[in-house]
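To start, the structure under review is shown below, and the notes come after it.
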Amino acid sequence: MSKTKIGLGLAALGRPEYININDGSSQDKSFKAFEENALSALDFAYKHGIRYFDTAPSYGKGEAFLINWNSNCKHNDVTLSTKWGYTYVADWELGYSGAHEIKEHSLEKLVAQWEISKELLPALKIYQVHSATFESGILENKDVLNKLYEIKKQTGLQIGITTSGANQSQIIETALKIKIENEDLFDSYQVTYNILEQSTHTILKHLLGMQKTVIVKEALANGRLLKNEKFSHYQKLYSVLDTLAKNYQVGIDAIALRFVMDYLEPTYLLSGAFNKEQLEQNMKAQNFKLETTELDLLKSFKIAPQDYWEERNKLPWT
């Protein structure tokens, strides 16, 4: 029904607080509870056909959980991806007042994080620069780029970037021009894309036409696509989503995911589910297809990327 495969991202599974809008329900945020929940979600995902799993060192213990699960299960048909460039520093402290993760796109950080991430081999297939920006200098750092190329040649991995911010398209355009030994360095692009943030649509379609791997994250706009009275300016969108959800007998989350699958058709679409129950609801996006008129209606709710990211930057870690 769709070219797109749903994958599971561990951003919300590996740490007790994340930039997301939750329903206010209480949960056990102990390390032990999170580990049990993450491993349960991974097992559930695999049992129900998911074969792509994405993590990062900055996802709290997300990478460690995936290394543990992968080592114990030894599935020979999974595709794993991870990233380098951010360090988790909140140390499981609830209500941590500072930045929960710190970016560093240095050669030293790459070498140090690769030493741990390579434990995911041979199931590891995609290794990504975490949140590439012009400000970090990553796209001009020849030492780092050459090291990534060395890893690519030694392992056969796809080297990728992930992007965030209002200039995602410009970052992708710049990354596309980077060649080493007359070969594209980057073959994978993980991008924030959803009903509200569609600014990368043209460049992503171009990437797909080039047979690059395109991975979509934050398809629910960090929870903003789920009805919330704090976002009164989205009430018309909420009404449309609610109607579509009732028509297809699924949750609003499935409608939002299906929009990405039908309009963009990326290689992978990440579920950011916190548990197996949420994941089960997300996976219902695979069971239907939106009509052209419904797609066109949802497309009309896109907003300017500057507005989208300004609003996202104000969301709390919860």
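Scope of the values below: all heavy atoms of this structure, side chains included, with no hydrogens, waters or symmetry mates. The structure displayed is predicted, hence computed values, not measured ones.
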Joint hydrophobic cluster, Ile215 plus Phe53, side-chain heavy atoms closer than 4.5 Å: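 Result: no, two separate clusters.
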
Relative to the ring of His130, is the ring of Tyr59 parallel (under 30°), tilted (30 to 60°) or perpendicular (over 60°)?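 Because their plane-to-plane angle is over 60°, the rings of Tyr59 and His130 count as perpendicular.
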
State whether the number of non-hydrogen atoms from other residues, nucleotides or ligands found under 6.0 Å of Glu140 atom CD is greater than 12.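 At most 12 heavy atoms, drawn from other residues, nucleotides or ligands, come within 6.0 Å of this atom.
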
Counting only heavy atoms not in Lys205 (residues, nucleotides, ligands), do more than 12 fall under 6.0 Å from its NZ?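 Yes, because the 6.0 Å sphere around NZ of Lys205 holds more than 12 heavy atoms from other groups.
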
Going through the checks in order, is the side-chain hydrogen bond (donor to acceptor under 3.5 Å, both in side chains) test met by Tyr248 and Glu294? CA-CA 12 Å; Tyr248 287 101; Glu294 295 167 339; 2.6 Å; yes

With distance as the sole test, does [X] use its side chain to make a donor-acceptor pair with the main-chain N or O of [Y] at under 3.5 Å?
X: Lys74; Y: Ser71; result: yes
X: Thr4; Y: Pro266; result: yes
X: Gln128; Y: Ile161; result: no
X: Arg258; Y: Leu290; result: no
X: Asp253; Y: Asn282; result: yes
X: Ser40; Y: Glu36; result: no
X: Ser239; Y: Gln235; result: no

Quick one: list whatever passes side-chain contact (heavy atoms from CB on, under 4.5 Å) with [X], sequence neighbours left out.
X: Ile252; answer: Leu226, Leu241, Ala245
X: Ser131; answer: Tyr86, Lys103, Thr133, Thr162, Ser164
X: Thr155; answer: Trp114, Leu121, Ile151, Leu157
X: Lys302; answer: Gln198

Sequence neighbours left out, what pairs pass salt bridge (Lys or Arg N to Asp or Glu O under 4.0 Å) with at least one residue falling in [range]?
range: residues 152-170; answer: Lys152-Glu183, Lys152-Asp187, Lys153-Glu183
range: residues 232-249; answer: Asp242-Lys246
range: residues 268-287; answer: none
range: residues 41-57; answer: Arg51-Asp77, Asp54-Lys83

Listed partners of [X] passing ring pair (Phe, Tyr, Trp, His ring centres under 6.0 Å), at least two apart:
X: Tyr238; answer: none
X: His75; answer: Tyr46, Trp69
X: Tyr308; answer: none
X: Tyr263; answer: His201, Phe259

Start with the C-alpha distance between Tyr268 and Thr213, add both sets of side-chain angles, then the distance that settles side-chain hydrogen bond (donor to acceptor under 3.5 Å, both in side chains), and finish with yes or no. CA-CA 8 Å; Tyr268 296 109; Thr213 298; over 6 Å; no

Mind listing the closest non-hydrogen atom pair of Ser58 and Arg15 along with its distance?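 Here Ser58 and Arg15 meet closest at O-NH1, 3.0 Å.
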
Can we say Glu197 and Arg312 salt-bridge, meaning some charged N sits less than 4.0 Å from an Asp/Glu carboxylate O?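 No, this pair does not count.
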
Phe274/Phe34 aromatic ring centres below 6.0 Å: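 Yes, the ring centres sit under 6.0 Å apart.
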
